[in-house]
Protein chains: 2
Amino acid sequence: MDPLDPDMFHPACPSSVMPIRIGDKWSAMIIVCLEQGPRRFSEIRVPVHGATPKVLTQTLRALERDGMITRTVYAEVPPRVEYELTPLGRTLLELIAVCRAWADEHLPTLLAAREAYEDRGSTPGSTAPAPFVDP
Amino acid sequence: MDPLDPDMFHPACPSSVMPIRIGDKWSAMIIVCLEQGPRRFSEIRVPVHGATPKVLTQTLRALERDGMITRTVYAEVPPRVEYELTPLGRTLLELIAVCRAWADEHLPTLLAAREAYEDRGSTPGSTAPAPFVDP
DNA sequence: CTGTATCCTTGTTGATACTG
DNA sequence: CAGTATCAACAAGGATACAG
């Protein structure tokens, strides 16, 4: 997977309905973006579209604060800043992988349940083999 | 662990700072509460203190909608409602266990990084072995 | 007992514009 | 390029009261 692919986190991506979240809304995306090496601020903005610079900065600061990433400023012009995963941050990759595996296996079941739930709406039947029905 | 222990989710519990969340704020607690068998509405309220009935109902409905739990109403007086994990809901227990294992292993590191970050505040030094320093 | 109904506070996200 | 500042919008969560 290309961490610079603009469609890496397309709205249709399962992560939209995933019941698991690492940190806030954007953290996991950023972690995955940095998997293959350091990235610059503007490089991260590409796949993580929708995140304004403000939100991106907020999230990056929080990750830095928690020791997940490092922030390195190079005294060049134009300025260059690189973000890189720490060993601690890399441990999150494994966790994300586990979550993805869960999604691959169980998300279809979840979505089916959700659809079935909407379908009955307020009509008869109960989820369980219930002895009594909820009017 | 006793799923009816009022202090099961004490504020000092690591889950307060955990960067991983299953669903919303209360879902994971509820899932764990139901691990050992069906529970009634008021039984769930005990360990999940802080959740008002409104929020608890919301969360339970969402979990039911997604096929994680079943809701069974018994036509008794006083009314009795039991919530129970589905097989799908039980798969979340494994996921939660993985997250807990991550926390046991890495949360101290995270907290240390956080403390170190606060300590420097805006003083010298950089997180990375940075060649240049951020003024 | 098991919820609903209202109202309100707060935190989070987003849009837009501007700076070193 | 890499942010910061400011304001607006929204959704989640909580307090309180009440109903079937």
Side-chain angles (χ1 to χ4, degrees), chain A residues 4 9 11 15-17 19 21-30 33-34 38-46 48-65 69-84 122 126 128 130 132-135, chain B residues 4 9 11 15-17 19 21-30 33-34 38-46 48-65 69-84 122 126 128 130 132-135:
Chain A
L4 290 181
F9 300 111
S15 67
S16 312
V17 285
R21 281 192 24 191
I22 311 287
D24 56 35
K25 186 173 179 180
W26 308 103
S27 294
M29 297 186 200
I30 292 173
C33 276
L34 298 179
R39 300 282 174 200
R40 308 179 56 168
F41 188 84
S42 46
E43 288 175 328
I44 298 174
R45 290 197 66 183
V46 177
V48 186
H49 40 221
T52 60
K54 187 193 84 171
V55 172
L56 191 56
T57 301
Q58 275 179 189
T59 309
L60 288 167
R61 287 289 192 283
L63 288 171
E64 185 192 3
R65 185 179 102 109
I69 63 177
T70 57
R71 176 174 180 273
T72 308
V73 181
Y74 295 93
E76 302 171 359
V77 359
R80 182 163 60 99
V81 179
E82 283 194 342
Y83 296 91
E84 184 169 17
S122 52
S126 164
F132 298 96
V133 176
D134 189 7
Chain B
L4 289 181
F9 300 111
S15 66
S16 312
V17 287
R21 281 194 21 194
I22 311 287
D24 57 34
K25 186 172 179 180
W26 307 103
S27 294
M29 297 186 200
I30 292 173
C33 276
L34 298 179
R39 301 283 174 199
R40 308 180 55 169
F41 188 84
S42 46
E43 288 176 327
I44 298 173
R45 289 197 67 182
V46 177
V48 186
H49 40 221
T52 61
K54 188 193 85 170
V55 172
L56 192 55
T57 301
Q58 275 180 186
T59 309
L60 288 167
R61 288 289 191 284
L63 288 171
E64 185 194 2
R65 186 179 104 108
I69 63 176
T70 57
R71 176 173 179 275
T72 308
V73 181
Y74 296 92
E76 302 172 358
V77 359
R80 183 163 60 100
V81 178
E82 283 193 342
Y83 295 91
E84 184 170 16
S122 52
S126 165
F132 298 96
V133 176
D134 189 7

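Proteins get letters first, then strands, A, B, ... in listed order; numbering begins at 1 in each.
Residues R21(A) and P79(A) each lie close to DNA chain C; by heavy-atom proximity, the contact nearer the 5' end of the strand is made by R21(A). In terms of position along DNA chain D, the nucleotide closest to P53(A) lies nearer the 5' end than the nucleotide closest to the other residue of the pair P53(A) and W26(B).
Summarising the geometry, atom CZ belonging to R80(B) is positioned 5.0 Å from atom CD belonging to E82(B); distances are rounded to the nearest 0.5 Å. One finds the CD atom of E43(B) at 9.5 Å from the CG atom of L34(B) (value rounded to the nearest 0.5 Å). Atom OG1 of T59(B) sits about 10.0 Å away from atom CD1 of I44(B), to the nearest 0.5 Å. In this structure, M29(B) CE and D24(B) CG are separated by 9.5 Å, a value rounded to the nearest 0.5 Å.
Closest to the side chain of V81(A), from the set dA5(D), dA2(D), dT4(C), is dA2(D). Proximity note for S42(A) (side chain, C-beta onward) versus dT4(C), dG13(D), dC1(D): the nearest is dC1(D). Closest to the side chain of R71(B), out of dT2(C), dG14(C), dC1(D), is dT2(C). In this structure, of dG13(D), dG3(D), dC1(C), it is dC1(C) that holds the atom nearest to the side chain of P78(B). Side-chain proximity of T52(A) to dA15(C), dT4(D), dT13(C): nearest is dA15(C). Between dG13(D), dG3(C), dT13(C), one nucleotide has an atom nearer to the side chain of D24(A) than all others, and that is dT13(C).
Rounded to an integer number of Å, the gap from L56(B) CG to dT2(C) P is 11 Å. Atoms OH (Y74(A)) and C1' (dG3(D)) sit 18 Å apart, rounded to a whole Å. Remark: P of dT2(C) and CD of E64(B) are 15 Å apart, rounded to the nearest angstrom. Rounded to whole Å, atom P of dT4(C) lies 13 Å from atom CZ of R45(B). As a whole-Å value, the separation of Q58(A) CD from dG3(D) C1' is 12 Å. The separation between E43(B) atom CD and dC1(C) atom P is 11 Å, rounded to whole Å. Between Y83(B) atom OH and dT2(C) atom C1' there is a gap of 8 Å when expressed in whole angstrom units. Atom pair I30(A):CD1 and dA2(D):P shows a separation of 14 Å (rounding to whole Å applied).
Considering only side-chain N and O atoms, R40(B) lies nowhere under 4.0 angstrom from the phosphate OP1 or OP2 of dC1(C). Remark: R80(A) is not in phosphate contact with dG3(D), judged by side-chain N or O atoms under 4.0 Å from OP1 or OP2. Residue R39(B) places no side-chain N or O under 4.0 Å from the OP1 or OP2 atom of dT2(C).
In summary, of the residues considered (I30(B), L60(B), L63(B)), a side-chain contact (heavy atoms from CB on, under 4.5 Å) with Y83(B) occurs for L60(B) alone.
Across all strands, K25(B) comes closer than 4.0 Å only to sugar-phosphate atoms, never to a base (heavy-atom distances).
Side-chain atoms of K54(B) stay outside donor-acceptor range of the base of dG3(C), with no qualifying N/O pair under 3.5 Å.
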Stepwise side-chain contact (heavy atoms from CB on, under 4.5 Å) check, T57(A) with F41(A) = CA-CA 9 Å; T57(A) 301; F41(A) 188 84; 3.6 Å; yes
